Amino acid sequence: MGAIIQQIQTSLLNLLGQAIEAMPSIAAAVVVIVLTNTAAKFVSLAVSAATQQTVKSLSLRSLLVQIAFALTWAAGSSIACVIAFPALRPGDIIGLLGLGSVAVSFAFQDIFKNFLAGILMLLHEPFQLGDQIVVEGFEGTVEEISMRSTQIMTYQGERVIVPNAIVFTNSVRVLTAMPHRRTDLPLILDYDTEPSLAIETLVKAISEVEGVFSQPTPEVDISGLNDGSLHLIVRYWTLPELFTGATDKN
């Protein structure tokens, strides 16, 4: 019994000694991680400033900044691992990632899908920052396109974060893709209303509204006579940002 206790004590002392010996390396690795965080922010700012004039696309500029940030962190983390574990060589890290790629792909397949979708979206630019879009029932202004998700600010002041894989694989209505946009506004009037007078009055009224284009000219059409009422549709064109959510039929 005494021999077992002595063996346990010896093992604990050996572990403690190894931990004490490794403390300088671990401390140095922590310093490298802290410096990496600072360096990643500095590199991101530098890339953003460098691409300010050379890259016109906001989405592509965002992609380059995010890639620079990720690469800086990857390099810093690798250096920290080598410092903390001197026996671990860069080739071992790459080999470990290769051996675990199958397991990692299953565990993080959703993350990888969102990551890849984010890169493709930033490259192809189906929409840009500031565009108004409708996706999966959410409508609002695009605030950010990261490598994982797309952030939308709705007209109600709510921030919606949609995974990029969902945005990439579903239909997206880009309301501000064109320089102008038509709004179809349905109206219901009393059946006794004189149609010609109603149409003339509505065309005149909508033409005087600030922001409504004179060309193409506003139109008012009769869509039906139902339930003792006159159904009209007012069609007018505005800048896309002035669109307020009425039913549209482009």
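Since this is a predicted model, take the numbers as computed values, not measurements.
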Q) Under the side chain to side chain contact (heavy atoms under 4.5 Å, CB included) criterion, do Leu230 and Ile222 qualify, and how do the steps go? A) CA-CA 8 Å; Leu230 176 64; Ile222 299 176; 3.9 Å; yes

Q) Can Leu239 and Phe213 be said to form a side chain to side chain contact (heavy atoms under 4.5 Å, CB included), step by step? A) CA-CA 8 Å; Leu239 293 173; Phe213 292 165; 3.8 Å; yes

**Q.** Residues Gln215, Thr217; criterion side chain to side chain contact (heavy atoms under 4.5 Å, CB included); working and verdict
**A.** CA-CA 5 Å; Gln215 293 294 331; Thr217 58; 3.5 Å; yes

Q.
Could you walk me through whether Val134 and Val172 satisfy the side chain to side chain contact (heavy atoms under 4.5 Å, CB included) test, starting with their C-alpha distance in whole Å, then the side-chain angles of each, then the deciding distance to 0.1 Å, before giving a yes or no?
A. CA-CA 6 Å; Val134 181; Val172 178; over 6 Å; no

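For the atom pair Trp237 CH2 and His180 NE2, the distance stands at 5.0 Å (nearest 0.5 Å). Distance check, rounded to the nearest 0.5 Å: CD of Glu125 to CG of Leu120 gives 13.0 Å. Here the OG atom belonging to Ser214 is positioned 13.0 Å from the CD atom belonging to Glu208, to the nearest 0.5 angstrom. Note that CG of Leu189 is 10.5 Å distant from CG of Leu197, once rounded to the nearest 0.5 Å. Taking CG from Leu175 and OG1 from Thr141, the interatomic distance works out to 9.0 Å, rounded to the nearest 0.5 Å. Once rounded to the nearest 0.5 Å, the distance linking OG of Ser229 with CG of Leu187 reads 11.5 Å.
Note: the hydrophobic cluster containing Met153 does not contain Phe127 (ILVMFWY, side chain heavy atoms under 4.5 Å, direct or indirect links). Follow the hydrophobic side-chain contacts under 4.5 Å out from Phe115 and you never reach Trp73; the two are in separate clusters. Note: the hydrophobic cluster containing Val142 also contains Leu123 (ILVMFWY, side chain heavy atoms under 4.5 Å, direct or indirect links). Residues Leu232 and Leu185 share a hydrophobic cluster, clusters being chains of Ile/Leu/Val/Met/Phe/Trp/Tyr side chains in contact below 4.5 Å. Residues Ile166 and Phe138 fall within the same hydrophobic cluster, defined by Ile, Leu, Val, Met, Phe, Trp and Tyr side chains chained together at heavy-atom separations under 4.5 Å.
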Could you go through residues 28-50 and list every donor-acceptor pair under 3.5 Å that involves a side-chain atom there, pairing it with any protein atom two or more places apart or in another chain?
unit_1: Thr36; atom_1: OG1; unit_2: Val32; atom_2: O; d: 2.7
unit_1: Thr38; atom_1: OG1; unit_2: Val34; atom_2: O; d: 3.4
unit_1: Ser44; atom_1: OG; unit_2: Ala40; atom_2: O; d: 2.8

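Between the side chains of Gln132 and Tyr155, at least one donor N or O sits under 3.5 Å from an acceptor N or O. Defined by atom type and a distance below 3.5 Å, a donor-acceptor pair is present between the side-chain atoms of Asn164 and Thr150.
For the pair Phe69 and Val65, the minimum side-chain heavy-atom distance is 4.5 Å or more. Looking at Pro240 and Met178, their side chains never come closer than 4.5 Å, going by heavy atoms from C-beta outward. Using a 4.5 Å heavy-atom cutoff, the side chains of Glu139 and Thr154 are not in contact. Taking the side chain as every heavy atom from C-beta outward, Val135 and Ile152 approach each other to under 4.5 Å.
In this view, Gln151 and Glu143, Glu144, Arg159, Ile161 satisfy the side-chain contact (heavy atoms from CB on, under 4.5 Å) rule, not counting sequence neighbours.
Residues Ile206 and Pro218 share a closest heavy-atom pair of CG2-CB, 3.4 Å. Across Val203 and Ser207, no two heavy atoms sit closer than the pair O-OG, 2.6 Å.
A donor-acceptor pair under 3.5 Å is formed between the side chain of Thr193 and the backbone N or O of Asp190. Of the possible polar contacts, one joining the Asn114 side chain to the Ala165 backbone as a donor-acceptor pair under 3.5 Å is found.
Applying side-chain contact (heavy atoms from CB on, under 4.5 Å) to Ile145 and the options Leu129, Val167, Asp131 leaves one that passes, Leu129.
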